[in-house]
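Structure, as structure tokens:
The first residue in the sequence is number 1, and the count goes up from there.
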Amino acid sequence: MMQFLFLFSRQGKLRLQKWFTPFTDREKKKVIRDMMPLVLARPPRSSNVIQWQDLKVVYRRYASLYFCVGMEEQDNELLSLEVLHRYVELLDKYFGNVCELDIIFNFEKAYFILDEFLMGGEVLETSKDAVAVCMEATDTLQETMEEYLSKPAY
């Protein structure tokens with residue numbers, strides 16, 4: 001089971017964080033403070049799996065963003081890499097070649113896609129099309145509500 005998922009830039013700016021197990025705020029800050037320099041300092045040709053404290057950390061870089069997952073010792077690293085890749089595919093499908101600015105300015109959509117895909121650190125929905133249908137439905141609902149609220153009440 002995943003403990004957390006982070007997205008951060010090459011400059012060490014945290015762009016998205018999702019915690020699947022309870023951590024105190026102090027512990028969260030310590031994990032973030034320890035994890036980012038550890039991943040950023042890795043050479044490009046090294047393994048994407050790091051042993052850190054009692055966790056395995058799996059990361060992957062896409063363009064200027066690092067996608068990082070902390071998981072338990074007995075979990076499969078390759079499955080975690082597949083989960084990260086599927087999340088990037090879902091972001092690409094929604095945003096059309098996702099970039100760091102898409103995550104910055106539409107972070108609520110990125111979180112929503114993540115929540116449709118993962119729940120409690122486990123994969124909830126494997127189908128990209130099913131997640132896309134949910135995203136389309138929420139966008140339609142949001143547009144309808146904005147249109148409804150913009151009209152004057154008589």
Side-chain angles (χ1 to χ4, degrees), residues 1-21 23 25 28-50 52 55-72 75-147 149-150:
M1 183 176 114
M2 287 186 230
Q3 305 287 318
F4 54 81
L5 185 140
F6 300 146
L7 268 73
F8 53 91
S9 68
R10 287 184 297 183
Q11 293 78 29
K13 302 279 188 196
L14 188 64
R15 298 301 182 200
L16 186 133
Q17 60 179 319
K18 184 72 172 181
W19 300 88
F20 299 110
T21 56
F23 284 87
D25 286 340
K28 288 179 183 179
K29 287 178 184 174
K30 182 177 177 2
V31 169
I32 292 167
R33 189 177 59 240
D34 292 349
M35 288 308 312
M36 280 198 282
L38 189 66
V39 171
L40 290 171
R42 305 270 299 173
R45 296 275 185 211
S46 60
S47 171
N48 289 9
V49 181
I50 304 170
W52 181 74
L55 297 175
K56 272 192 242 179
V57 176
V58 177
Y59 70 94
R60 185 130 187 222
R61 181 177 167 195
Y62 290 93
S64 65
L65 286 174
Y66 284 90
F67 291 72
C68 182
V69 171
M71 59 186 191
E72 297 169 351
D75 288 341
N76 188 341
E77 303 92 2
L78 294 177
L79 185 61
S80 295
L81 284 170
E82 276 300 314
V83 167
L84 291 176
H85 187 69
R86 178 55 57 105
Y87 183 50
V88 171
E89 286 178 337
L90 290 168
L91 290 171
D92 273 344
K93 185 170 181 121
Y94 183 75
F95 291 112
N97 200 11
V98 69
C99 68
E100 189 174 351
L101 289 175
D102 291 326
I103 303 294
I104 292 170
F105 292 118
N106 298 300
F107 64 91
E108 69 282 348
K109 298 290 184 186
Y111 276 113
F112 189 80
I113 292 170
L114 185 62
D115 290 338
E116 286 294 320
F117 175 52
L118 296 174
M119 181 179 281
E122 301 287 334
V123 175
L124 177 67
E125 181 59 63
T126 58
S127 170
K128 288 188 279 188
D129 294 332
V131 174
V133 167
C134 288
M135 290 304 298
E136 207 171 290
T138 57
D139 286 346
T140 304
L141 178 64
Q142 184 178 4
E143 290 169 7
T144 305
M145 287 303 296
E146 287 172 359
E147 187 178 300
L149 292 174
S150 68

Rounded to the nearest 0.5 Å, what separates atom [atom1] in [X] from atom [atom2] in [Y]?
X      : Y      : atom1 : atom2 : result
Ile32  : Phe23  : CD1   : CZ    : 10.0 Å
Phe95  : Leu90  : CZ    : CG    : 11.0 Å
Leu65  : Phe8   : CG    : CZ    : 9.5 Å
Glu77  : Leu81  : CD    : CG    : 8.5 Å
Leu55  : Met2   : CG    : CE    : 13.0 Å
Glu125 : Asp129 : CD    : CG    : 9.5 Å

Taking all non-hydrogen atoms of both residues, which atom of [X] and which atom of [Y] are closest, and how far apart?
X      : Y      : result
Tyr59  : Ser46  : OH-OG, 3.9 Å
Ile103 : Ala110 : CD1-CB, 4.0 Å
Arg10  : Leu40  : O-CD2, 3.7 Å

### Task
Determine, stepwise, if the pair Leu38 / Trp52 fulfils side-chain contact (heavy atoms from CB on, under 4.5 Å).
CA-CA 9 Å; Leu38 189 66; Trp52 181 74; 3.7 Å; yes
More than 12 heavy atoms from other groups under 6.0 Å of [atom1] on [X]:
X      : atom1 : answer
Glu72  : CD    : yes
Glu146 : CD    : yes
Met1   : CE    : yes
Lys28  : NZ    : yes

Does the side chain of [Y] come within less than 4.5 Å of [X]'s, by heavy atoms?
X      : Y     : result
Val57  : Met35 : yes
Ile104 : Arg15 : yes
Phe107 : Leu16 : no

#### Entry: Asn48 side chain to Val58 backbone, donor-acceptor under 3.5 Å
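It does not hold such a pair.
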### Message
Using side-chain hydrogen bond (donor to acceptor under 3.5 Å, both in side chains), reason through Asp139 and Tyr94 one step at a time and then give a plain yes or no.
### Response
CA-CA 11 Å; Asp139 286 346; Tyr94 183 75; 2.7 Å; yes
### Task
Consider only side-chain N and O atoms of Tyr62 and Arg60, and report whether a donor and an acceptor are under 3.5 Å apart.
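There is such a pair (donor and acceptor under 3.5 Å, judged by atom type) between the side chains of Tyr62 and Arg60.
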### Message
Check for me whether the distance between the ring centres of Phe4 and Phe6 falls short of 6.0 Å.
### Response
yes
Hey, are [X] and [Y] close enough for a salt bridge, meaning a charged N less than 4.0 Å from a carboxylate O?
X      : Y      : result
Lys128 : Glu89  : yes
Lys109 : Asp102 : no
Lys30  : Asp34  : yes

